[in-house]
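What follows is a short report on a single structure.
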Amino acid sequence: MSVMIGLEVHVQLNTESKLFCSDSVDTRNKAPNENTCPICLGFPGSKPKLNKKVIDYALMTGLALGCRIPEESFMSRKIYFYPDLAKNYQISQYESPLVGEGYMNLPDLKIRIRRIHIEEDPAKLVHVGGDITSAEYVLIDYNRSGIPLMEIVTEPDFTTPKQARQFLEKLSSILEHLNVYDASKEMSLRVDANVSINGGERIEVKNITGFENVEKALNFEIIRQSGMARMEVKIEREVRHFDAETGTTKGLRKKEYEEDYGYVFDPDLPIIKVDRAWVEKIKSSMPELPDQRVKRFTSQYKLNEYTASVLIYTDKHLADFYEECCKLYKDPIVVANWTTNELQKSLNWRSERINDSKVKPKTFVELLELIDSNVITERYAKELIKEYVDTGTSPKELAKKSIVKLSKKDIESAVKQALDKNKKAVEEIKSGKTESLQFLIGQVLTLTKKQADPKEIKALILEMLKKQ
Amino acid sequence: MRGAREGSISAADSIKEAVAKSKEIQKKYSPFITINEKAEASRTKGRLYGLAVSVKDNICTKGLQTTAGSKILEGYIPPFDATCIEKIKNEGATIIGKTAQDEFGFGTFSVNTQLSIPKNPSDAERTCGGSSGGAGCITAAADFPHVAIAESTGGSITAPAAFTGTIGLTPTYGRVSRYGLVDYSNSMDKIGVLGNRVHDCALMLSIIAGHDPLDSTSSELPTEDFTKYLNADLKGVKIGLPKEYFSEGVDKRISKNVRDKAALLESLGAKCEEMSLPSTPYAIPSYYLIAVSEASTNLAKYCGLRYGLQKDITGNFDEYFTKVRTEGFGEEAKRRIILGTFARMAGFRDKYYFKALRIRATIIKEFKQAFKKYDALITPSMPVVPPKFSDIKNLTPLQNYYMDILTTAPNMAGMPTISMPVEKVDGLPVGMQIIADQFKEGNLIKIAHKFEVSA
């Protein structure tokens, strides 16, 4: 069975103001419809005015993806009646996108970019009394109306859902490095995924948020479509909705063709002219991109490519955090291991991103220093980090508050206690049963609240048994 | 206006009087959709201090109902002023009311509306022209100092000026900010002026013209004081008479009156000659295709959700907005939405919408070529005298559209025009249209003023 997947990725750009008016794009902590004006509400007589910053951002993205930059493009009206559109048309681009063809390299795969264009985000619909297919009524919040969106369209070059996810992770990292979008904002990246099997009609799953959900939706679609194929049910072009709770897709409507939207040029907006000088200016101000950064990490910090990629592609801010820590701590490899393993695990557990967490480089390296100076064991540090991520309290303070690394005498007394309590185990060890030794070590660890080093405990037990 | 300035009457009294007289005129000729009961003299002693201004109802006025002649916007009170309104208020003008028009500007006789239909002060059984019919009507009927702000897409200032015997100035596309203008066809809509003196039109244009950051299509060219073109000499001015504009479709008596005026201008020092604009016959179909294509998208926003006419919310969104639009739009609006949607449809877009855009480019080129040789062109304004309402009823939509035969080309090309009253025919007003190159309104003022003082 052959699978073809193409993506349309909608990214909310983190400019200060909306695409065509001066309202802020920051709608957090805003009452519904507070962030609106006659322009983004489409009031009679209002006119759009293009925010130049949006063009800068889209050009940066285009250049980062090796895209062709046409000298001219224009905005068009895409007309369809839907309550989330303030004007019942969306100002978008059709014949003439701002950015042309490009590509992205994935491991062993090159994904072609077809185009990147800019458009306005519609309002947010709140479905009351059901979901999109069953709601009793709908509330409209125009705070989102007019937020600049960049739509990145790929060719159908993916053959597995996993590849699509990899693409999105890398894309998100690139966009974060360019500082054109805010990954922590809800709905800031939304995906329409097109899937077809065996060269058949394509199904569009619309408005998926979360990379894991994209992978899930695609997996479900492939299974659903191949099931239909097996039963020889004809697959018809259709738009489907992904339900994150059940992990399934539901049919919404028959797909319209793009040319059915009756596009006209938007006569309120002049042609956008991007000359060489503009492109050069953007090029010279481009920040370091993820691929370049991975290379730098391998040479500067002697990391292997895998670890460097995990740091950089998981979350740009994790890589930033890592570099800050490296300034404060001598061994970049140790920092990398702790960052990608224990720290990331604790953050995931709390579903937090590094920037929203209480973790700071200065306090984080304290943890590593405590291990180095034998104040705490590595094993205990793995316990301590959870509390640190939870509270943000300096590990030094935490170590002081809880039991500090035990003296040899303390461990000896704990071993003695354990031997006295578990005579049966002691006999078994003497008769050569090693499992019982492990059991005793465990008992001592419990008594010392995991503060003692298991190797040391083992040595002490054996020593004491010899004496007995 | 002069009285108030000279201090013989107070501005407050003159505005009060203007409103009172407007109410009387309204009873006879209905030029208004809304009379501003709260009109007050301004405290700003600017260049328009104490002047009563009427505003076409498709221009947004803060706190004052703005319907664009459509029932679907009945009761709509804009939360902001159009840029041109802000500018005239800053000069001390007072808005006395909002004038009647064809719905959204869709017409030539101001009859395509479910709201007020203005009657011609020369003969109340006849039209004032359209779509700025109310503006023409009040300008002709006002016996107090008054200037009208109006708008033209394909001839909507020239038609009422010609039919009411007033002066109508349509500026270059982009000369006056469209911010706050309810869109008909954004690539052709122009805010302009109707008045009784060339001076008034020139002064008003000087005030409302200029770049506006809120309208990206407004020209960045510096604005001018157009009154400096008054009292100019016509020596060496070259004027063309495009023969296509004096063709068989035009009432011969009107053509003759206009030609007579060309002779007058010659006697004043201008040089007139016949010339040709061969693309003229293509103007009407391509104008209408572009206009309806754009209009059909502009009208999509009216669905009874955010403003204007509302109905009980029952059924789904499609059912709801269908109900609102069925009741709120008149027949001509519906016709243009359907035509425009068709012209934009897949498979027809190339044949109609794009082709029309190409023809517009050709027409612009042809005008540009002509203006290398001529300072201005002179044509009749309208091909007929103001028709009777009873005759308009019998016109087919196509016959109706052909009334714009003399105005669509300069309008779609964005060329500025001024319509001046000439000798009447059958006792009814007749207009002469002067066309100049883009941003050469000065030429229009020059010729029109000389003509005004010599006629």
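Naming: A, B, ... by sequence-line order, numbering from 1 per chain.
Here B:P213 is the residue among B:S185, B:P213, B:C60 with the most heavy-atom pairs under 4.5 Å with chain A. Taking chain A as the reference chain and counting heavy-atom pairs below 4.5 Å, the highest number among B:L214, B:N298, B:D215, B:N58 is found for B:N298. The candidate from B:A82, B:G180, B:S187 with the greatest count of non-hydrogen atom pairs under 4.5 Å with chain A is B:G180.
Heavy atoms of B:F348 lying under 4.5 Å from chain A are absent altogether. The part of B:L357 that comes within reach of chain A is its side chain, from C-beta onward, which places non-hydrogen atoms under 4.5 angstrom from that chain. With a 4.5 Å cut-off on non-hydrogen atoms, B:I59 does not touch chain A at all. B:Y320 does not touch chain A: none of its heavy atoms, backbone or side chain, sits under 4.5 Å away.
In this structure, A:K273 places its NZ atom where only 12 or fewer heavy-atom neighbours from other residues, nucleotides or ligands lie under 6.0 Å away. Atom NZ of A:K124 sits in a sparse spot, with 12 or fewer heavy atoms from other residues, nucleotides or ligands closer than 6.0 Å. Heavy-atom contacts from other residues, nucleotides or ligands closer than 6.0 Å to CD of A:E95 number more than 12. Crowding of B:D312 atom CG: a count of heavy atoms from other residues, nucleotides or ligands under 6.0 Å not exceeding 12. Counting heavy-atom neighbours within 6.0 Å of A:E71 CD, excluding the residue itself, gives a total of 12 or less. The number of heavy atoms from other shown groups lying within 6.0 Å of CD (A:E16) does not exceed 12. Counted within 6.0 Å of NZ on B:K62, heavy atoms from surrounding residues, nucleotides or ligands total 12 or fewer; the atom is thus considered open.
B:R325 has its side chain within reach of A:F81: a pair of non-hydrogen atoms, C-beta onward, lies under 4.5 Å apart. Two residues are said to be in side-chain contact when any heavy atoms from C-beta on lie closer than 4.5 Å; B:R344 and A:I79 meet this criterion. Residues B:C303 and A:N88 form a side-chain contact, since some pair of their non-hydrogen atoms from C-beta on lies under 4.5 Å apart. At least one side-chain heavy atom of B:D183 sits under 4.5 Å from a side-chain heavy atom of A:K47. Under the 4.5 Å side-chain criterion, counting only non-hydrogen atoms from C-beta, B:Y179 is in contact with A:S46. Under the 4.5 Å side-chain criterion, counting only non-hydrogen atoms from C-beta, A:P44 is not in contact with B:T66.
Rounded to the nearest 0.5 Å, atoms CG (B:N186) and CZ (A:F265) are 13.5 Å apart. To the nearest 0.5 angstrom, B:D189 atom CG is 9.0 Å from A:D268 atom CG. Between B:T217 atom OG1 and A:K49 atom NZ the span is 11.0 Å, to the nearest 0.5 Å. One finds the NZ atom of A:K87 at 12.0 Å from the OH atom of B:Y302 (value rounded to the nearest 0.5 Å). Expressed to the nearest 0.5 Å, how far OG of B:S293 lies from CZ of A:R77 amounts to 11.0 Å.
B:Y353 has its ring centre no less than 6.0 Å from the ring centre of A:Y263. Centroid-to-centroid, the aromatic rings of A:F43 and B:Y307 come within less than 6.0 Å.
Nearest approach of A:P83 to B:F317, heavy atoms of both residues: CD-CD2, 3.3 Å.
Residues of residues 138-150 of chain A lying within less than 4.5 angstrom of chain B, judged on heavy atoms, are A:I140, A:Y142 in numerical order.
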